[in-house]
Every structure is written in C-alpha cells, then in structure tokens.
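Chain identifiers are assigned alphabetically (A, B, ...) following the order of the sequence lines, protein sequences preceding nucleic acid strands; residue numbering begins at 1 within each chain. Side-chain atoms are counted along with the backbone in the values below, which use heavy atoms only and exclude waters and symmetry mates.
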Number of protein chains: 2
Amino acid sequence: MSRPETDEEACRQVLQILSLVGDKWTVLVIGQLHGRTLRFGELHRAVAGISQRILTLTLRQLERDGLLTRTVHATVPPRVEYALTELGDTLVDALTGLGTWAIGARAEITQHRHHYDTTHPEMAPDVRKRRP
Amino acid sequence: MSRPETDEEACRQVLQILSLVGDKWTVLVIGQLHGRTLRFGELHRAVAGISQRILTLTLRQLERDGLLTRTVHATVPPRVEYALTELGDTLVDALTGLGTWAIGARAEITQHRHHYDTTHPEMAPDVRKRRP
DNA sequence: CAGCATCCATTCAGATACTG
DNA sequence: CAGTATCTGAATGGATGCTG
C-alpha cells in the first residue's frame with residue numbers, strides 16, 4: 001500500500017511550497033522575521049547580501065501569499081514594518097523540521113560528496129558545477 | 001531570548017537543503033523513489049515532463065550527496081536501478097512534514113493571493129509574474 | 001536501454017542610479 | 001527611508017540527435 005494517492009498529491013504540494021520558499025532568499029527573510037517585526041532597512045541589513053530589488057520582490061510575494069503583513073506608517077520619514085502572520089509562523093515551524101534534518105545530515109552529505117568526487121574523478125563535472 | 005545562534009545556524013542549514021532539493025524536479029524524483037526501486041526509463045515515465053538530461057543530472061546529484069544509489073547491471077540491454085538510501089528515506093520523512101503543512105495551507109494561500117490581486121490591482125505585476 | 005553532447009531560449013539575480 | 005527603474009551577465013531548463 002505504499003505510494004497511495006495522497007503521496008502523489010503531497011508531492012505536488014511540497015513542490016508548490018518549495019517553489020514558494022525554495023529560492024535563495026525567502027527562507028532567510030522569514031527566518032529573520034521569526035518572532036519579531038522589522039523595518040525594510042533592518043531586514044536589508046539583517047539579510048546580508050540581498051539587494052533591495054530582490055528583498056522587495058521577496059517581501060511582496062510573501063505578502064501576497066499571506067505569510068507576512070506589511071504595515072505602512074504615514075510618517076516622515078516613512079516607516080514600513082514587516083511581520084509574519086500566523087500562517088507564516090506555522091511555515092517557520094514546518095521548515096524547522098527540515099532544518100533539524102539538515103543539521104543532522106550535513107556531515108554525512110558532505111562526506112558522501114567528497115567520496116563521490118574522489119571515486120568518480122572527472123565523471124560528472126556538471127554535477128559538481130551545480131554544487132560548488 | 002528569541003533568535004539564538006542555533007536559529008541562525010538552522011536557517012543556513014535549511015537554505016543548503018532547500019538549494020539541494022528546491023529545484024523543480026528533485027522532489028518529484030525522490031518522491032517516486034520513496035519505498036521502491038526504479039529503472040531510468042521508469043523514472044523518466046513516472047516523472048512526467050522531465051527531460052533525460054535533467055533527470056540524469058538530478059540523479060547524479062542525489063547520488064553524489066548519498067541520497068540514492070545507482071546500481072548498474074552488466075546485462076544486455078543495460079539495466080540501471082535507482083533506490084533511495086537510508087539517508088534519502090529520512091529526507092523524504094522530513095519533507096513529508098512540509099508536505100503536510102503545504103496541504104493544510106494551500107487553500108489559505110490561494111485565497112490570500114486572490115485577495116491581494118484584487119485589492120492591489122496592478123500594484124505588483126512582477127510578483128504575479130513570478131507565480132503564475 | 002541509458003545517457004551524453006550540443007545548442008537555444010528564457011529566466012533571474014545583482015549592480016547601479018534615481019525618486020516620493 | 002523605502003522603494004522603483006533599467007540593464008546585463010550568468011545560470012538553467014528543455015529539445016534534439018547520437019552512441020555503447
């Protein structure tokens with residue numbers, strides 16, 4: 001009874017979420033927002049290396065998906081605050097599970113890679129190219 | 001005491017894993033491999049729409065990371081079988097958690113998107129463009 | 001059957017410069 | 001401060017054709 005319809009379905013759902021969260025920055029952003037509210041500039045500084053454009057797009061997407069709220073204070077200078085919604089918080093929780101796995105598996109994966117690279121000398125440069 | 005070092009660290013780890021698993025096909029492939037062994041052609045058919053090139057690259061990467069094994073049977077015609085390793089199985093388990101979240105949140109997210117799109121008419125075409 | 005080599009179109013991140 | 005506008009190089013995915 002392995003691989004029932006729900007597995008199939010779950011797989012597609014995961015895919016959706018991964019494409020939603022799978023880009024380089026989204027996870028970092030919601031990670032910073034976990035349990036606190038930050039302004040645009042603060043986020044920009046907190047997520048080292050992100051460009052304004054990408055940060056803006058990332059925030060807009062998360063806002064559109066209902067994962068965070070964007071609050072504009074009509075002051076001078078302008079003040080815009082970002083915070084996770086309850087839905088966003090639950091996503092963080094869900095991702096935490098993956099994070100735990102990642103921490104536990106990291107060493108083993110690194111080791112496997114090294115072994116593979118030495119065992120299969122120049123067999124798959126493309127593969128390594130994709131994971132520097 | 002929110003956001004201790006471990007959070008920071010976990011976040012990077014998640015990012016690693018997401019970039020490892022976050023592409024369009026990897027999840028589908030390991031999803032198909034969950035609990036069974038498949039040949040290249042079977043996988044190619046099972047994961048509808050994937051090209052041979054991408055399937056090959058995806059499999060190589062997973063093999064390199066120690067998430068699946070590639071067994072070549074020296075027969076004619078050649079027979080190559082792919083199966084998840086124990087590590088790969090644990091990844092599937094970890095992803096299942098995310099899948100569960102995804103299924104539960106899907107409706108709400110869709111609803112939020114719709115609301116956002118009607119509320120912010122042409123405010124963020126780029127955002128919608130990124131999520132058709 | 002399983003996969004590699006090639007080429008092409010597209011997407012996207014990132015840098016830079018400008019504005020309400 | 002908090003974006004928006006624009007441009008460009010790089011990376012990727014996908015299609016096609018060939019081979020041990």
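For the salt bridge (Lys or Arg N to Asp or Glu O under 4.0 Å) test, residues two or more places apart in sequence or in another chain that qualify with A/E81 are A/R79. Remark: A/Q52 pairs with A/F40, A/H44 by the side-chain contact (heavy atoms from CB on, under 4.5 Å) rule, at least two apart or across chains. Listed by chain and number, the residues in a side-chain contact (heavy atoms from CB on, under 4.5 Å) with B/V76 amount to none (sequence neighbours excluded). Every side-chain contact (heavy atoms from CB on, under 4.5 Å) that B/A83 has, sequence neighbours left out, goes to B/T37, B/T69. For B/V80, the side-chain contact (heavy atoms from CB on, under 4.5 Å) criterion is met by B/R70, B/V72, B/Y82, not counting sequence neighbours. Listed by chain and number, the residues in a side-chain hydrogen bond (donor to acceptor under 3.5 Å, both in side chains) with A/H114 amount to none (sequence neighbours excluded).
At whole-Å resolution of the value, OH in B/Y82 and C1' in C/dC1 are 11 Å apart. If you measure from atom CG of B/L38 to atom P of C/dC1, you get 15 Å, rounded to the nearest angstrom. Distance A/E81 CD to D/dG3 C1': 16 Å, rounded to the nearest Å. Rounded to an integer number of Å, the gap from B/L57 CG to C/dA2 P is 17 Å. To the nearest angstrom, C1' of C/dG20 lies 15 Å from CZ of A/F40. Between B/H44 atom NE2 and C/dG3 atom P there is a gap of 12 Å when expressed in whole angstrom units. Taking atom CG on A/D23 and atom P on C/dG14, their separation rounds to 10 Å, with Å as the unit. Rounded to whole angstrom, the span from the CD atom of A/Q61 across to the C1' atom of C/dA13 amounts to 13 Å.
Both A/L20 and A/L28 are part of a single hydrophobic cluster, where members link through side-chain heavy atoms under 4.5 Å apart.
Note on the helix from C/dC1-D/dG20 to C/dG20-D/dC1: angle between the axes of the first and last five pairs equals 50°, rounded to 10 degrees.
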Between side-chain atoms of residues 84-99 of chain B and protein atoms elsewhere (two or more places apart, or another chain), which donor-acceptor pairs fall under 3.5 Å?
| from | atom 1 | to | atom 2 | distance (Å) |
| --- | --- | --- | --- | --- |
| B/T85 | OG1 | B/G66 | O | 2.7 |
| B/T85 | OG1 | B/L67 | O | 3.2 |
| B/T85 | OG1 | B/L87 | N | 3.4 |
| B/T85 | OG1 | B/G88 | N | 3.1 |
| B/T90 | OG1 | A/W101 | NE1 | 2.8 |
| B/T90 | OG1 | B/L87 | O | 2.5 |
| B/T96 | OG1 | B/V92 | O | 2.7 |

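Checking the phosphate oxygens (OP1, OP2) of D/dT4, a side-chain nitrogen or oxygen of A/R60 falls inside 4.0 Å. A sub-4.0 Å separation between OP1 or OP2 of D/dG3 and a side-chain N or O of A/R79 is absent. Contact annotation: A/R70 does not reach the phosphate of D/dA2 (side-chain N/O to OP1 or OP2, under 4.0 Å).
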Completion exercise
5' to 3', nucleotides 14-20 of chain D under a 4.0 Å protein heavy-atom cut-off (B base, S sugar-phosphate only, - none) gives BB-B--B

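Considering CH2 of B/W25 and OG1 of B/T58, their distance stands at 9.0 Å, rounded to 0.5 Å.
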